[in-house]
Structures are given as structure tokens and as C-alpha cells.
Peer 1: 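Just dropping this structure here.
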2 protein chains.
Amino acid sequence: MSEGNYHHGDLKNALIQVGVEILAEEGLGRLSLRKVAKQAGVSHAAPYSHFKDKQALIAAISTESFKELHIQIETVFLDYKENPKDLLVETSWAYLQFALTKPDQFKLMFSSVLEKEKKYPDFVEISHLNFQQLLIVVEICQDAKILKSGQASLTAVSLWSAVHGLAMLVLEGQISSVVLEEHGLKEIFLHSLNQIALVELK
Amino acid sequence: MSEGNYHHGDLKNALIQVGVEILAEEGLGRLSLRKVAKQAGVSHAAPYSHFKDKQALIAAISTESFKELHIQIETVFLDYKENPKDLLVETSWAYLQFALTKPDQFKLMFSSVLEKEKKYPDFVEISHLNFQQLLIVVEICQDAKILKSGQASLTAVSLWSAVHGLAMLVLEGQISSVVLEEHGLKEIFLHSLNQIALVELK
DNA sequence: GCTCTTATCTTGACACTGTCAAGATAGCCT
DNA sequence: AGGCTATCTTGACAGTGTCAAGATAAGAGC
């Protein structure tokens, strides 16, 4: 368990953790297996005892990031549970904030570096969990007449698309700086949500 | 100009073209400078006469792809110019279709492999052009009471986010296959657009 | 206690990558 | 014709993902 040992003790999780750190400090483009290994204090091929290949490590980092996102949104969910209008705004805002504060983790999660063919069950599971969370928010808002009634799954996808798309475009610098600076992100965000909501939000 | 010559004649555009082909046939992960060079029939370092580094080539491929997208949407625009309702649906649908039929080009365009915004003026220019195109569509729809009046740029960003987000989530396989197969992409797409539009579309 | 098994980690190698420096080539201008 | 210069080649380097072979140590059974 201590450092310097031949057997690390918990190398698998250590590698995931180091991966997250590298993403935060150096970005997606500079995330290499060998660097992760070196930074974890093991030799360059050690990760292969725990991950089939680089894809598998990325899948694990991705899964870990989805868990972080889920926890973050769950916290907000509990805070605003009884107020559907705020619930919709704040959970969506939390999603956006996650994307902006941990851009490279967020990009990795949706970066198609993962050619998913059902090969990573943990990843699929946490993805499902996140969508279920979203569904609950939508259903609460539908009950409160904040969102149009009807197929909750359809509205959930629409809502997700709107927020996710905004996050992506902002991260890629595609939102014209003129528009961004004139209105500010929060106003743009609220404008998007207000398109979907039945009532004026905030 | 012919092949086999020491001087290629139009290597720069040839490299871009080969890059697009590799994206279509092998995907983003297998796009390397050396492979592009080999496939263009030149030595591995030849691209450096035309591009500062790999980023620059990617920027050029990206720019080229944005031009393709622009032309494709422009065609649809001209077809439905006089019918605002169809205009909104069909131009947005064209965007989605581009993403689905040329997934790796589309991913590359928004893949954050491009880090510098100001360094590639051609890229910035075509991006602006695309947003201007979108703005026109929004304004036409606002005039026709298809979209809420107000800041066109805000609504444009919302619309773009919604369609772009849906495209991304579909490409990444994040839309639950249950939802996708039950409703179909077109219905999901229309549901998203109907959230934003003032009238029922299609 | 001891051995044996096995997961874990190291070492070394390979092909491939992006990049740069040096040199070869040939189109073009005078 | 000769030379300039953009273009292309060759060769090298460090870094990459991956695999095979071997080293190590933790734990199980005796």
C-alpha cells in the first residue's frame, strides 16, 4: 500500500486518479499510458496488468468522471427537490458547470475515443444511471407543469441535447465571442432552457 | 500536376482530400500525418512544406469540412427559402444528416484537437459564415412567427445547441437504444425542434 | 516454518508516430 | 544558360501503444 513497493497495492485506482489529474493539468492531448504509469511510480507496461489497452484505461477514467458528474448533480437534486422550477435550472446548470470546470474530463467522456461496443459494462451502467436521473427531473417538472407532458424520455433527450450542445459549443470556442460577452453564459443558458420550459424560469 | 513527379503540383489540397478520405474510411483515430503523406504518394515529411504541423493539417481538413457543411445547408436553404416552417426543419435536419453521414469529419470539426482559435483565420472565417447562415434562418422564422421574436443571436445559439447536442449524443451512442428504436431519430429530432418553435412543425 | 502458485510489476523490444535538419530536385525568373 | 527558391526526400530522434519474457512478492496449503 505504501510507495516504493514492488506491488503497489491499488494501482488500478491510482492509475485512474493520475489520469484524471493529467487531464486537469495537461489536457486530453497529452494523456499517454506511459506518462500515467510514470506518474504513478510504476514501469511503462505496468498498466497492462489492470487494463487491456489504452482504451480500457480511458473507459475507466470516463466512468469515474461520469460518477463525479452524477454525484454533483445528485447533490443539487436533493437541494432543490421540492422546487421543480429551480430543480430544472440548477441541475442543468450543474451539468454545464461540470463541463466548464473539468473541460478535458468532460471532453473525454464524449470524445469518441471510446468506440463503445458494449465492451465496458461499468460505463454503460453509469450512463444509464445518469439518464434515469434526468428522467426523474423531467417527470417532476412535467407534474409541476414546468415542462410539456408527454413522453418523458423524448423531452429528456431534448433537454439533454440542448444543455450538452451548449456545453460542447462553448468548450470548442464556437460560440461567437461577441454573443458570449454581450449576453454572458448564464443568460444564453437560461434562454435555451426557456425555449423548452412552459413558464418563465428565473 | 501528374503523378510520379518530384513536384506534386497541388500537394496541399491533395493532402486535405486524402485526409477527408481517411476520416471516412478509417476514422479519426487512425488519421496520421505519415499515412496521409504515403496515401498522397509523397514522403513522410513532405506535408511540412505546406503545413506547420499536424494541427495545421487538421485545421485545414476542418475548414474544408465546414465548407462542405455550408454548401449542403445552403442548397437546402435555397430550396425552402420561401417556406419558413420547412426551412427551419430542413436546414436543421441537413445539419444532423451531415453529422451522421460524415461522422468522423463532423467529430474532427468539433474535436478540440484544435486548440488555438485565432491561429487559423480560414477556420474562423468559415465558422462565422455558418453562424451568419443560421442567423438568417432564425430571422426569417422570427418574421414568420415560427420562432419567438427577440435577440436572434440568442435563439440561434439555442437552436444550434439543440441540434448540435443531439447530433453529438447520437454519434457517441449516448442516446439509449431503447428510446432511439422506439421513436426513431426523426421523431426525436422533431420533438426537439418543436420545443423551440412556436407552432407545430410537420 | 516452508514451498508453490499466481497476480503483479519490470525489462526489453517492435512498429509507428510527430517533428526537425540536411540535402536533393526542378520549376521559374532574369 | 545560370541561379533562386519552393518543394520534396532522406535520415534521425524522442515519444507512443503494445507484447513477450522474466523478476518479484503476497498469500494459500501443508
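All chains are named by letter (A, B, ...) in the order of the sequence lines, taking the proteins before the strands, and each is independently numbered beginning at 1.
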Peer 1: Within this structure, what is the CG-to-P distance between B:Leu33 and C:dG18, rounded to whole angstrom?
Peer 2: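 Between P of C:dG18 and CG of B:Leu33: 5 Å.
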Peer 1: Rounded to the nearest Å, what distance is computed from the CZ atom of residue A:Arg30 to the C1' atom of nucleotide C:dG18?
Peer 2: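 Taking atom C1' of C:dG18 as the reference, CZ of A:Arg30 is at 13 Å.
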Peer 1: Where does the angle between the aromatic ring planes of A:Trp160 and A:Tyr95 fall among parallel (under 30°), tilted (30 to 60°) and perpendicular (over 60°)?
Peer 2: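 The rings of A:Trp160 and A:Tyr95 stand perpendicular, inter-plane angle above 60°.
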Peer 1: Look at all strands and tell whether B:Ser49 reaches a base, only sugar-phosphate, or nothing, counting heavy atoms closer than 4.0 Å.
Peer 2: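 Base contact.
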Peer 1: To the nearest 0.5 Å, what is the distance between CG (B:Leu100) and CZ (B:Phe98)?
Peer 2: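 If I round to the nearest 0.5 Å, the distance is 11.0 Å.
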Peer 1: Round to a whole Å and report the spacing from CZ of A:Arg34 to P of C:dC9.
Peer 2: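 It works out to 17 Å between those atoms.
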Peer 1: Ignoring the backbone of B:Ser43, work out which of C:dT10, D:dC8, D:dT18 is nearest its side chain.
Peer 2: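 Out of C:dT10, D:dC8, D:dT18, the nucleotide with an atom closest to B:Ser43's side chain is D:dC8.
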Peer 1: Rounded to whole angstroms, how far apart are CG on B:Asp10 and C1' on D:dC8?
Peer 2: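 Going from B:Asp10 (CG) to D:dC8 (C1'), I get 15 Å.
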Peer 1: Answer yes if the ring centres of A:Phe66 and A:Phe106 are under 6.0 angstrom apart, and no otherwise.
Peer 2: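 Centroid distance A:Phe66-A:Phe106: not below 6.0 Å, so no.
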Peer 1: Please tell me which of the listed nucleotides, D:dC8, C:dT17, C:dC9, lies nearest to the side chain of A:His50?
Peer 2: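 The answer is C:dC9, which lies nearest to the side chain.
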Peer 1: Can you check the B:Ile58 CD1 to C:dT17 C1' distance for me, whole Å?
Peer 2: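 Distance, rounded to whole Å: 13 Å.
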Peer 1: Can B:Arg30 and B:Glu25 be counted as an ion pair, charged N to O under 4.0 angstrom?
Peer 2: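 Answer for the salt bridge query: no.
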Peer 1: How many whole angstroms separate atom NZ of A:Lys38 from atom P of D:dA14?
Peer 2: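 Taking atom P of D:dA14 as the reference, NZ of A:Lys38 is at 13 Å.
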Peer 1: Provide the full list of side-chain hydrogen bond (donor to acceptor under 3.5 Å, both in side chains) pairs with a residue in residues 82-94 of chain A, sequence neighbours left out, each pair given once.
Peer 2: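 Non-adjacent pairs meeting side-chain hydrogen bond (donor to acceptor under 3.5 Å, both in side chains): A:Asn83-A:Asp86, A:Glu90-A:Lys202.
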Peer 1: Using a cut-off of under 3.5 Å, enumerate the N/O to N/O pairs linking the protein to nucleotides 20-22 of chain C.
Peer 2:
none

Peer 1: Starting at atom CG of A:Leu11, determine the distance to atom P of C:dC9, rounded to an integer number of angstrom.
Peer 2: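 Nearest whole value for this atom pair: 5 Å.
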Peer 1: Could you tell me how far apart B:Phe51 (CZ) and D:dA6 (P) are, to the nearest whole angstrom?
Peer 2: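 Roughly 17 Å, once rounded to whole Å.
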Peer 1: Name the atoms and distances for all side-chain donor-acceptor pairs under 3.5 Å in residues 44-54 of chain A, with sequence neighbours left out.
Peer 2:
{"unit_1": "A:Asp53", "atom_1": "OD1", "unit_2": "A:Gln55", "atom_2": "N", "d": "3.3"}
{"unit_1": "A:Asp53", "atom_1": "OD1", "unit_2": "A:Ala56", "atom_2": "N", "d": "3.1"}
{"unit_1": "A:Lys54", "atom_1": "NZ", "unit_2": "A:Leu31", "atom_2": "O", "d": "3.2"}

Peer 1: Salt bridge check: are B:Glu68 and B:Lys102 linked by an N-O gap of less than 4.0 Å?
Peer 2: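 The answer is yes: the pair qualifies as a salt bridge.
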